[in-house]
Structures are given as structure tokens and as C-alpha cells.
Q: 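Let me begin by handing over the structure; questions about it come next.
Predicted model, so just to flag it, every value in this text is computed and none were measured. Convention: sequence-line order gives letters A, B, ...; per-chain numbering from 1.
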There are 2 protein chains.
Amino acid sequence: MTKQTAKTTKRSLDVIDTIQTLGGATLDELTGELEIARSTVHLHLQTLLEEGYLTKEGAVYHIGLRFLNHGEYARSRKKAYTLAKQTVTDLSDRIDEEVEFVVENDNRGILVHESFHPDSHFPTKERHISTTPSSAGIYYYLHSVATGKAILAEFPDEHLEAVLDDWGLPEQTAHTITDQDEFFRELEEIRDRGIAFADEEYVDGLREVGRRVIGPDGSVLGAIAIIGPKYRFTNERYTSELPEILREYVNDLETEISDSYLDDYR
Amino acid sequence: MTKQTAKTTKRSLDVIDTIQTLGGATLDELTGELEIARSTVHLHLQTLLEEGYLTKEGAVYHIGLRFLNHGEYARSRKKAYTLAKQTVTDLSDRIDEEVEFVVENDNRGILVHESFHPDSHFPTKERHISTTPSSAGIYYYLHSVATGKAILAEFPDEHLEAVLDDWGLPEQTAHTITDQDEFFRELEEIRDRGIAFADEEYVDGLREVGRRVIGPDGSVLGAIAIIGPKYRFTNERYTSELPEILREYVNDLETEISDSYLDDYR
DNA sequence: TATAATGGTTCGGTTATCTCGAACTATTAA
DNA sequence: TTAATAGTTCGAGATAACCGAACCATTATA
């Protein structure tokens, strides 16, 4: 049969998502958006409010900080993620470029750790580093970013199929791969090379070099990518230097992860 | 009448909380813990799994990274929080001690931003700074920490009452204030002084100096505290120097916040 | 000042669905 | 081989989710 799901819970989660995409919303705005009875929306809002999953400012409902509790827990839960964080900062320091660690979730990619490379967003003012809000937690379509492609290249066929069913290959820029056959060939190449490139496939002007991170049990933990402006990612630096350094750092990370994994059994 | 709430949603949220407190759990473990039918637990797990709010490793269910998406959103949503982050790091650099920014949520305090002061946990090795998992997102009982007390001192009576009804004054250490009358007198003093102290009331050996942050509309946005070992928080440094510096930084932050608030109307 | 608009809340009746327990399979451990 | 654990589906009964309408309170508008 078709999979059983708790519809009331789904509706509550819908309310949460809607509030986030609207950037805060009132009772009536939500009623309009969700197309359900006002009293029903009210019921869900009350429930989520009471638990701290929402907060209210005047008449506007917003995402509550309780999510931060679970979110940070999820991020700190795996030792491997924390080790990856260190790799991200180390690697970023070494090459002086932005670095990200991305994990699959809900058949998309979620940004778990990022370096705060001053140059990348604010060329000069150092003060802005900490004022720039973190973009951790944002979702990527896997096919359009280097981390995502590196992850997909390791997925078994049925999982890959599920990803395509759920999200397809939406066009993000003129360079995004939107043809399925072409995408399969691309994944083939990535598997051979051990490195995924994304050349302005996610955002115009940005090039990315990514590599998947494999856990001690052989499963894909996530992926790390180096990201920077096209004009700094050219020739050998783009095609071989950065890939080589990335490979080195990811390999080291993988041994650290399996070492720490072994520690738990001693 | 008594407040209406969606019980199915509450149950799903219960499942989430239980999984987090157990640090991951199997279907049968959850069934035992929650004391509901196994098929019911299964239904909730399926629903949350499908949306990315849970992930599964073998037979063990864990908190999913989707929470990070909402959590980081909630943290970045208010400009004031991002400005507070900057104050936290600046202040920590200035005095060389741990600093925190805490916001009320669900009648408790939630840690939103913290400095990563090397000394505080790992006296020497610098490498550990980034390997130490962030403790952002953790909940405090408001009465036992300096930030919480500073916040409570600004609450209207009925809100304060709600806090006591929900959580009481649980003892955390031998120095925690657990008597209501005594606690009211303490809040009185904090209001007069503009500074809240917590002297080993949360953890043995730790002293804290806190001050609430007021928003442009007069409401309490949260609080900032300086935290450190008792042996470094003594005499005038504890009773007047650190309070003065804290007052200065919080006042500056408050003007920055109202400036940025005014910017939105220009 | 009257009037409209918006938000918050409660109510009861109908219906959807949540919940339970049992049953069955698959996988792994003893 | 047996026991233990996990995953899954089923139908029946009980519950509570959902709706629409109504009401009050507050704020904006005429």
C-alpha cells in the first residue's frame, strides 16, 4: 500500500515551512496561503507556539528558537561532522578560499559547516565576518553543486532515482545540467576522477571543486567543496591543484574519522 | 476554556524529544519509553523520516538535519541577534573570558551565541577550539544563570508567574536560589543594579555576570553574560570591573540595534 | 464618531484519521 | 532451531481534527 503518514503532523510541519518561506506571517495570511479553515490554522499555531517551535511578535508568527536546540544537536551528534568542521577551516586557511561541508537530507543537500572566508563576501571590512549571518542549514539541489554531485555519484541507482523523482534537475543557471542522460555521464566521470566540478551550475560566476567523504563503513557521510569566483579558479589551479589539495585533506579527514570511530571500541 | 492543542502534532514532537534525550533510539525503545502502541510510534517515525526531521542509521532513529535549517533561520532572522553575536566576540576578546548571548524561549533560556574562548575548556591546544562542538541551542533554567535572571528581572508579574509554574526553581547546585521570596528579592536587586550575578548557581566553580538587552520598543531581547572560573572572578573584578565593561558593551549594542532598526524605515 | 478591517478565540457537529492490538515477514543473535 | 528485534499492514473503534460561524478586542479608515 501507499505509505502511512500522520496528516495532522504533516499539516503542522506545513505551517512551519510556510511561515519560514513567507518570512513570518499572520493568522489570516497563513489561512490564505494554506487554504484551510482559520480555526484549524489557529489550532496548529497554538500548539507550536506552546512548545517554543514558533514565537509571536505582535500579530506575526515566526520560527522559534527551539529549532536551534534540535539543529545544533543534529550537527554535533556525529563526531565525523565536528572533524569535518576542522577540515573545512584548515583547508580554507591553507588555500584562502571558501570551503563547505554538505550532507544529504531529504534527498537534497544541507550545508552543515562552512568556512568564514573574509574575502568571499566582503572584500575588505573584517568586522563583517561575524555580522554576516551564517548560511548553515540552507538546502541545495544535489545536482547543481559540487558537493551534491560528489554525493550522488556514490548513491546506488534506486536512491539516485528517488532524488530525481523528488526534485528533478531544475535549472539554476544556464550551465546547470538539466538533461538526465548527460547527468548520468557526468556522474560516471566524477566516479572515475574522484572529484566533482561545478562550473557556474549553481550561481553565475562561481566555480566549485568537490569530493565526497566516505565513512568507516563505506557509506557516504557527505562532501566537501572549495568554492570561489571563476576568475580565481582557472587553468591548472582549477583542474588539478585545488583537486589535489582537496583530495589530500579529505583523505586525511577520512582516516581521522575511522580513528575516532575505532576509539569508541577501546 | 482550556487551550486547544493538536494532540497528534504534540505526540510527534514528543517522539522527537524522546529520541534526542535518548541520544537516538529504535522503534521498540521508543514504544517502551512513550507507552503507546508500536504501530502508532511507527506512523510518527515514518512521517518525520519522510520530511527529513529524522534520519535512520541501521535500526536507530536520530534527529535529522532539517532542524538545522529552521534553527539557523531562527538565529539569523533578527538583525539584533547577529549584532549580539558581534558583541559577544568583541567582548570576549576584550576581557579574555567566555561570553554568551541568551534568549528566552518556552519560558527557559536558550543559548543563541557564544564566544569560543580557548582557555575556558581547553587551556592549551588551539586545535580543539573548532573540534569542540558548539553548545548553542542548549536550554537553561532562567533562575539559575545570570542571563536568565537578568531577563526575568524585566518580565511583568504574570509572565514571571508562568515561568515558575512551568519549571519552578529546581536546584542545580548548592547555591541555586530555590526559595521564591528570596528569588523575588534577588530580582529586585538586579533591577536596581542593572546587573545580575550568578555565583555557582548553575555549575560549581563558575561565576557569571549578566545584563539584559533591551530592544528599541522597550521589550527584552535577551541577555549577555560573562562566564568564568571563580578564582578569576574575585573582588573588584567580579563586583565592579566586569559589570562596568559589560554595561558599556550592552549599551553600545542597544544603540546599534536601534540604529539598524531605524535603517529599515528609511 | 462611526465603520471597516484584522486578529484571537470558542463552539458543536461531522467526518477523517489516529490509535490500538494482532498478525505476519525479514533479519540477526543465541 | 529458536528467540529476539525491526518493519509493516490491517480492520475496527474511539478520538480529535476540521470546518464554519459567531463573538470580542484592537486598530485603522472614512
Side-chain angles (χ1 to χ4, degrees), chain A residues 1-19 22-64 156 158-159 162 217-219 265, chain B residues 1-19 22-64 156 158-159 162 217-219 265:
Chain A
M1 262 293 94
T2 153
K3 206 165 254 174
Q4 290 265 53
T5 50
K7 314 208 166 139
T8 311
T9 299
K10 277 219 160 167
R11 185 147 283 187
S12 282
L13 300 177
D14 260 6
V15 171
I16 290 163
D17 279 349
T18 308
I19 289 174
L22 293 179
T26 67
L27 176 61
D28 286 351
E29 280 168 358
L30 285 168
T31 307
E33 195 73 23
L34 293 162
E35 297 186 318
I36 50 179
R38 208 162 75 110
S39 53
T40 304
V41 179
H42 181 253
L43 175 72
H44 286 273
L45 290 175
Q46 284 306 314
T47 309
L48 296 168
L49 213 47
E50 198 176 306
E51 302 284 325
Y53 286 97
L54 295 179
T55 44
K56 204 174 147 187
E57 292 177 5
V60 183
Y61 295 86
H62 286 284
I63 301 296
E158 69 270 20
H159 198 167
D217 60 346
S219 66
Y265 296 87
Chain B
M1 261 298 93
T2 152
K3 207 163 255 175
Q4 290 265 55
T5 49
K7 309 194 175 160
T8 311
T9 299
K10 277 219 162 169
R11 186 146 282 188
S12 283
L13 300 177
D14 260 6
V15 171
I16 290 163
D17 279 349
T18 308
I19 290 173
L22 294 179
T26 66
L27 176 61
D28 285 350
E29 280 168 358
L30 286 168
T31 307
E33 195 74 21
L34 292 162
E35 297 187 319
I36 51 178
R38 211 162 72 110
S39 53
T40 304
V41 179
H42 181 253
L43 176 73
H44 286 273
L45 290 175
Q46 284 306 314
T47 309
L48 295 167
L49 212 47
E50 198 176 307
E51 302 284 325
Y53 287 96
L54 294 179
T55 45
K56 204 173 145 186
E57 292 178 3
V60 184
Y61 295 86
H62 286 284
I63 301 296
E158 70 270 20
H159 198 165
D217 60 346
S219 66
Y265 296 87

Q: Tell me every residue that passes ring pair (Phe, Tyr, Trp, His ring centres under 6.0 Å) with A:Tyr61, counting only those two or more places apart in sequence or in another chain.
A: none
Q: CG of A:Leu45 versus P of C:dG8: gap in Å, rounded?
A: 8 Å
Q: At their closest point, which heavy atom of A:Val41 faces which heavy atom of A:Leu27, and how far apart are they?
A: CG1-CD1, 3.8 Å
Q: Can you see which heavy atom on B:Ile63 is nearest to which on B:Leu54, and at what distance?
A: CA-CD2, 4.2 Å
Q: Closest heavy-atom contact between A:Gln46 and B:Gln4?
A: CB-O, 3.8 Å
Q: Filter on salt bridge (charged side-chain N to carboxylate O under 4.0 Å, His left out), then keep only pairs touching residues 26-42 of chain A, sequence neighbours left out; what's left?
A: A:Asp28-A:Arg38
Q: What's the spacing between B:Ile19 CD1 and B:Leu30 CG if we round to 0.5 Å?
A: 5.0 Å
Q: Using every non-hydrogen atom in the two residues, find where B:His44 and B:Thr8 come nearest and quote the distance to one decimal.
A: CE1-O, 3.5 Å
Q: Can you pull out the residues from residues 52-63 of chain B that lie within a 4.0 Å heavy-atom distance of DNA chain C?
A: none
Q: Are the side chains of A:Lys56 and A:His62 in contact, using a 4.5 Å heavy-atom criterion?
A: no
Q: Nearest whole Å is fine: how far is C:dT25 C1' from B:Leu27 CG?
A: 15 Å
Q: Please check the phosphate of C:dG8 (OP1 and OP2 only) for any side-chain N or O of A:His42 closer than 4.0 Å.
A: no
Q: Give me the bend of the helix from C:dT1-D:dA30 to C:dA30-D:dT1, using the axes of the five pairs at each end, rounded to 10°.
A: 40°
Q: Could you tell me which residues satisfy side-chain hydrogen bond (donor to acceptor under 3.5 Å, both in side chains) with A:Thr9, sequence neighbours excluded, listed by chain and number?
A: B:Ser12
Q: Does the side chain of A:Ile36 reach to within under 4.5 Å of the side chain of A:Thr31, using non-hydrogen atoms?
A: no
Q: Base, backbone or nothing for each nucleotide of nucleotides 16-24 of chain D, written B, S, -, heavy atoms under 4.0 angstrom, 5' to 3'?
A: SSSBB-B--
Q: Can you check the A:Lys10 NZ to C:dT17 P distance for me, whole Å?
A: 12 Å
